[in-house]
Engineer: 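Structure incoming, see below.
Whatever order the structure lists them in is the order used to number ligands and atoms, beginning at 1. Just so you know, these numbers use all the heavy atoms, side chains as well, and skip hydrogens, waters and symmetry mates.
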Amino acid sequence: METIDLRSDTVTLPSPQMREAIYHAELGDDVFGDDPTVNRFERMAAERVGKEAALLVVSGTMGNLVSILTHCGRGAEVILGDRCHTHIYEAGGISALGGIHPRTVPNQPDGTLRLEDIEAAIRPDNVHFPRTRLVCLENTHNRCDGAALTPEYTARVVELAHRRGFAVHLDGARLFNAAIALGIDVQELTRGVDSLSFCLSKGLAAPVGSVVCGSKSFIAEARRTRKVLGGGMRQAGIIAAAGIIALEQMIDRLREDHENAARLAQGIARIEGLSIDLARVQTDIIYFDVTAPGLKAEDLAQRLGARGVRVLATGPTRLRAVTHYGITSGDISRAVSTLADVMQSR
Ligand code: TLP
């Protein structure tokens, strides 16, 4: 019996077309700028999101770190959500490596930061304070039920930041999921932001890699920052080749992941002892709660795992499941019936 792995969309394996493209990739030394596949990929990525230039990096974490370090000098302050990935899951890299001061404001349930909260967090020019240099948004928002931020909201944050003299970075690890969920072109979600990163190794199913996009001058600086972090790669066309397939073939299919997530959520809603807010299910990420007395999320995850369905416990009663390339609609039916069985046979 095959395992149905719903822990994350990071577990996706490359498609046959990616393996083929990797095998045949034309390569060179990318630190010298000589890898034709990387150069082609970076041009494609920049064009796709409507920015001048792009930079291939190892991971989403490195994409955010490179971007934030490039925007901010040591001692600068970045405004970011208290539930955002950079603040919670990136090992404090911006402080550890960049001497950058994080100023958190509450993420609203829909993943946004209230404009009033951003405004109130901006530092006045005073020798006592760090300088506000950047605000970070996350779209889709991982910890906020995979919510998609709208172009209207993004534009309002961009307007505020630019009016007050600082930049906007968008952690778009799952940016294409947002565009698909909202039924819009991805460029509507990137307009005006000074930098963004998106991941190749989540729903887009490439084995490795993320990409930072921005103006030519920003990316030239980001290239230096990546080198400082030891992220200059040599025959990186091996990675970029899969990235090209990701951009060409894997974006539209994210729709299937959203449909599967919605079906999984509807199944969960019918199971006694579990609870889920169906109105919050928008993309490939769903969170649900155990309400059955005495059952911990961790225990449920373990029992499911023993039956071949893997999910993540993210709190004492909270669990996360993520659909992706490699999860079929048949897998969703099996996951729901396994969940129902496990809950019934307690
Ligand atoms: N998220 C992973 C874990 O780290 C939690 C996951 O399974 O969801 N931004 C966002 C919004 C992310 O969700 C992630 C990964 C990253 C950045 C970092 O990407 P990687 O894992 O490539 O460093």
Engineer: For atom 9 (N) of ligand 1, find the nearest protein heavy atom and state the residue, atom name and distance (0.1 Å precision).
Structural biologist: Asp171 OD2, 2.7 Å
Engineer: Check this for me - ligand 1, Thr61, N or O atoms closer than 3.5 angstrom, yes or no?
Structural biologist: yes
Engineer: Is the contact between Lys202 and ligand 1 made by the side chain, the backbone, both, or neither, using heavy atoms and a 4.0 Å cut-off?
Structural biologist: side chain
Engineer: Of the backbone atoms (N, CA, C, O) and the side-chain heavy atoms from C-beta on, which set of Arg174 has a member under 4.0 Å from an atom of ligand 1: side chain, backbone, both, or neither?
Structural biologist: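 Side chain only; the backbone of Arg174 stays clear of ligand 1.
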Engineer: N/O to N/O below 3.5 Å, does that happen between Asn142 and ligand 1?
Structural biologist: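 Yes: some nitrogen or oxygen of Asn142 is under 3.5 Å from one in ligand 1.
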Engineer: In this structure, would Leu149 and Leu196 fall into the same cluster of hydrophobic residues linked by side-chain contacts under 4.5 Å?
Structural biologist: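 Yes, one cluster joins them.
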Engineer: How far is atom 11 (C) of ligand 1 from its nearest protein heavy atom, and which residue and atom name does that atom have?
Structural biologist: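 I find the closest protein heavy atom is Glu138 OE2, 3.3 Å.
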Engineer: Below a 4.0 angstrom heavy-atom separation, can you tell me which part of Arg143, side chain or backbone, both or neither, approaches ligand 1?
Structural biologist: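 Arg143 to ligand 1: no contact under 4.0 Å from either part.
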Engineer: Taking 4.0 Å as the limit for heavy-atom contacts, which would you say applies to Arg7 with ligand 1: side chain only, backbone only, both, or neither?
Structural biologist: neither
Engineer: Could an N or O of ligand 1 be found under 3.5 Å from any N or O of Thr140, whether backbone or side chain?
Structural biologist: no
Engineer: Please report which non-hydrogen protein atom sits nearest to atom 12 (C) of ligand 1, along with the residue it belongs to and the distance in Å to one decimal place.
Structural biologist: His85 CD2, 3.2 Å
Engineer: Any N or O of Ser8 that comes nearer than 3.5 Å to an N or O of ligand 1?
Structural biologist: yes
Engineer: Short list, please: which atoms of ligand 1 are under 4.0 Å from a heavy atom of Arg320?
Structural biologist: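 Here the atoms of ligand 1 in question are 6 (C), 7 (O), 8 (O).
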Engineer: Any side-chain heavy atom of Asp171 sitting closer than 4.5 Å to one from Cys136?
Structural biologist: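 No, side chains not in contact.
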Engineer: Is it true that Leu115 and Val193 fall in one hydrophobic cluster, defined by side-chain heavy atoms closer than 4.5 Å?
Structural biologist: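 In one cluster with Leu115: Val193, yes.
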Engineer: Would you call Lys296 and Glu298 a salt bridge, using N to O less than 4.0 angstrom?
Structural biologist: no
Engineer: State whether a side-chain donor-acceptor pair under 3.5 Å links Asp289 with Ser275.
Structural biologist: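 There is no such pair (donor and acceptor under 3.5 Å, judged by atom type) between the side chains of Asp289 and Ser275.
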Engineer: Under a 4.0 Å N-O cut-off, is there an ion pair linking Asp30 with Arg226?
Structural biologist: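 Salt bridge flag = yes for Arg226 with Asp30.
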Engineer: In terms of side-chain geometry, is the basic nitrogen of Glu119 or Arg164 positioned less than 4.0 Å from the acidic oxygen of its partner?
Structural biologist: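 Looking at Arg164 together with Glu119, the answer is yes, because their closest N to O distance falls below 4.0 Å.
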Engineer: Considering only heavy atoms, does Ser59 approach ligand 1 within less than 4.0 Å through its side chain, its backbone, both, or neither?
Structural biologist: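 Under 4.0 Å from ligand 1, Ser59 contributes backbone and side-chain atoms.
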Engineer: Starting from atom 22 (O) of ligand 1, find the nearest protein heavy-atom neighbour and note its residue, name and distance.
Structural biologist: Gly60 N, 2.8 Å
Engineer: Under 4.0 angstrom from ligand 1, any heavy atom of Glu90?
Structural biologist: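 Glu90 counts as a contact of ligand 1 under the 4.0 Å cut-off.
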Engineer: Output yes when Glu159 and Arg163 qualify as a salt bridge under the 4.0 Å nitrogen-oxygen rule, no when they do not.
Structural biologist: yes
Engineer: Under 4.0 Å between a side-chain nitrogen and a carboxylate oxygen: does that hold for Asp9 and Arg174?
Structural biologist: yes
Engineer: Indicate yes or no: at least one non-hydrogen side-chain atom of Leu200 is less than 4.5 angstrom from one of Leu56.
Structural biologist: yes
